[in-house]
Amino acid sequence: MQQWTTGLPDTEFYGAGTKGLEAVVKEVLDTPEVAIDTETTGLVNWKDIPLYFSLAWGHRRMTLNVSALPYFDEAFKDPSKRWIMANAKYDTHILANAGHNIAGSLVDVQVMHSLLYEDHPHNLKYMNFHLFGWKWADFQDTFGKISSTQSPQQMIERAERENFTLLCEYAANDAWGTWQSYLELKRQLQGAMTHSLFSGAPLRIKTLWDLFDAIETPYTKVLWKMERRGVLLNVPYLEQIKPAAEMEIENLNRQICKLAGRADFNPNSVAQMRDYFLEQLKLRPQKMTKGGKSGVKQASIDSTFLEYHAAEVPMAKLLLEHRSVSKLYGTFIVGIGERLDPNGRIHSTLNQDVARTGRLSSKDPNVQQIPKPENDKWNIRNAFIASPGMDMIVGDYEQLEMRLLAAASLEPKMVDVINKGWDIHMGNAAMMYGVDYDDVKAAKKVDKQVKEGNLPQSAMTPRVAQLLGYRSDAKQLGFALIYGQGARATAATLGCSIIEAEEKIETFEAAYPGALAFKKEAIAETEETGYAFTILGRRRNVQEIASANKGLRKRGERIAVNTQIQGSAADVVKLAQILIDASNLEYHFGCEPLLAVHDELAYESPKSTSAEALREIKDWMEHPFPHDLAVELGVDIKRGATWGQAK
DNA sequence: TTCCCTCGCGCG
DNA sequence: AAAGCGCGCGAGGGAA
């Protein structure tokens with residue numbers, strides 16, 4: 001593995017007291033854009049600290065001991081400075097953990113790369129190879145594998161003693177590679193023309209560089225603040241749930257083993273379950289698994305299969321219950337409890353460069369997959385709480401994707417349904433089946449009251465049931481449109497025959513011809529340009545759409561439609577977050593961001609100001625553009641002590 | 001031990 | 001031939 005290449009500027013080294021450090025500090029102060037990277041004690045964003053750091057700009061590259069860090073505080077405090085980094089939020093945390101807060105911009109080359117090459121990896125090593133053909137060693141190639149017995153800190157300390165030159169070269173390479181990637185990617189982004197999915201673009205974005213500079217760069221800072229603050233967990237609440245869940249799992253295990261007649265029966269083993277249901281009970285498989293890389297397809301023992309047999313096969317029912325409880329326990333109760341900082345907060349990493357549509361992803365832990373209360377008997381969302389003296393404010397876009405479909409297609413009836421303030425699924429049902437909106441609404445109300453026991457079962461007349469069926473059809477068909485779902489899959493989700501599903505799809509499309517036309521145009525444009533574009537001009541290459549393989553081509557069409565809608569929804573939420581940040585609620589109200597779950601944003605604010613903060617947040621969420629779209633963006637927003645209560 | 005893959009499943 | 005979009009996590013099981 002090549003460690004460094006010839007023709008690079010010499011690597012300089014500085015620590016506190018090294019001759020020439022003052023001159024370097026002065027030059028960094030006068031340089032508007034500087035690449036920086038850190039070598040750290042570990043990989044935990046709220047805990048680990050820098051041991052070395054490296055800088056690069058112009059024709060300079062250097063490694064510095066952490067002792068030199070304080071000399072750069074004036075530069076860090078400069079709000080106009082642009083710090084070029086790979087995985088910027090991480091290094092910014094590491095510096096902050098050592099008491100050095102960056103006031104300038106966080107310019108992330110990984111995010112730059114993701115705007116151009118969304119189907120590639122974006123780590124620095126890959127990028128340097130992809131952009132320049134460099135094959136530089138990464139950390140583990142250079143210093144050895146990180147393991148339970150060898151921390152990054154120990155490896156760096158050994159390198160200090162045994163091969164200091166290598167350490168300096170390695171660190172400087174990272175800053176240099178970041179700097180060079182920045183220059184190249186900036187050039188490429190500036191040359192990449194783009195346009196908005198919407199005619200009469202709501203913001204002036206001509207190139208991908210505009211998108212990066214105006215949206216993604218400030219967004220990195222917003223996300224950093226969220227990660228930094230983290231969210232407070234009610235630890236005693238989780239501790240209280242834990243033994244209850246453990247007991248429940250043990251009970252289920254006992255029952256399952258008894259039913260199987262074996263003590264070593266493991267409900268977590270799909271292989272054992274397959275054997276039991278297929279070989280022992282001789283049940284027929286419902287469907288096969290995907291098979292992955294190896295292509296080995298096996299009978300699927302998933303919830304579809306288990307639910308199909310739940311009525312007559314006791315084991316199927318028990319296993320469903322076991323899976324549900326053990327998922328809650330393992331992933332959400334134990335998994336989240338392991339990631340607390342000393343203050344009882346968790347700091348999920350919000351990834352800006354993963355999702356091909358421009359959505360965020362969340363990991364360690366993934367706060368975007370915390371169960372909904374209706375699927376969670378312990379209501380784990382109530383373990384996410386506001387800080388003492390504060391309220392949690394949770395704002396939810398209502399049917400954002402359907403609204404954007406309406407705004408993009410300008411389908412008059414759909415626009416009308418939305419701007420009348422109707423429930424979209426009910427409105428769609430009324431339009432689809434030519435019934436009165438108020439009748440659908442009344443049916444939904446009857447349904448609710450019957451479920452709550454305020455009305456007798458007899459209130460559920462055939463007509464009410466029919467209207468409810470219309471609404472649930474309309475809801476599912478709305479999703480089907482956005483996802484490009486075909487008749488077969490629609491039939492499965494609606495629980496009807498394929499013929500019936502085809503008829504329903506036709507009814508929906510006939511009610512909204514503009515929506516169908518939008519879908520066709522979206523596909524045609526992607527066929528023509530190779531890309532799907534979002535409202536802010538983010539683009540996604542959809543190679544599949546030109547495939548000779550019909551299946552792949554159809555997939556390309558689904559991606560083309562869905563990316564425009566899902567990606568535009570992501571743009572809207574992103575823009576709202578940036579505007580809320582820029583309006584400085586932190587200063588005015590002490591209000592700060594906590595969570596972002598696709599179309600849902602959570603903040604916390606002192607109780608005395610939370611009502612005002614809520615109004616401000618709602619306003620920005622509903623009006624993120626200089627001029628409003630053709631439809632209103634409805635946001636449901638509430639305050640409460642916990643995530644669950646504020647919903 | 002650690003790594004990788006598969007499966008199943010949580011969320012929008 | 002079949003075909004719903006976008007993610008991340010935990011467990012099992014086999015390989016390194």
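In what follows, every chain begins at residue 1, and chains take the letters A, B, ... in the order their sequences are listed. This is a predicted model, so every value here is computed, not measured.
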Rounded to whole angstrom units, what separation is found between the NZ atom of A:K290 and the C1' atom of C:dA1? 12 Å
Determine, step by step, whether A:E600 and A:K372 satisfy the salt bridge (Lys or Arg N to Asp or Glu O under 4.0 Å) criterion, reporting the C-alpha distance in whole Å, the side-chain angles of both residues, the deciding distance to 0.1 Å, and the verdict. CA-CA 13 Å; A:E600 172 179 352; A:K372 297 183 286 190; over 6 Å; no
Is any side-chain nitrogen or oxygen of A:N266 closer than 4.0 Å to OP1 or OP2 of C:dA11? no
Outermost DNA chain B nucleotides near chain A [under 4.0 Å, heavy atoms]: B:dT2 to B:dG12
d(CZ, A:R540; C1', C:dG6) in whole Å: 8 Å
side-chain N/O A:S269 vs C:dA11 OP1/OP2, d < 4.0 Å: no
Quickly work out the A:N366 CG to C:dG10 C1' distance and round it to whole Å. 13 Å
Is the A:H309 to A:F305 ring centre distance short of 6.0 Å? yes
Positive for side chain to side chain donor-acceptor pair (under 3.5 Å) with A:Q566, one of A:T357, A:T534, A:D571: A:T357
Could you tell me the separation between the CG atom of A:L595 and the C1' atom of C:dG8, rounded to a whole number of Å? 16 Å
So which nucleotide from C:dA3, C:dG6, C:dG13 ends up closest to the side chain of A:K554? C:dA3
Report yes if at least one side-chain N or O of A:R558 is closer than 4.0 Å to OP1 or OP2 of C:dA2; otherwise report no. no
Ignoring hydrogens and angles, answer whether the base of C:dC5 and the side-chain atoms of A:Q566 contain a donor-acceptor pair closer than 3.5 Å. yes
Looking only at C:dG13, C:dG8, C:dC5, the nucleotide nearest the A:I559 side chain is C:dC5
For Watson-Crick and G-U wobble pairs within 3.5 Å on both distances, what is DNA chain C written in dot-bracket notation, | included for inter-strand pairing? ....||||||||||||
Please verify the inter-ring angle class for A:Y512 with A:F508; under 30° counts as parallel, over 60° as perpendicular, anything in between as tilted. perpendicular
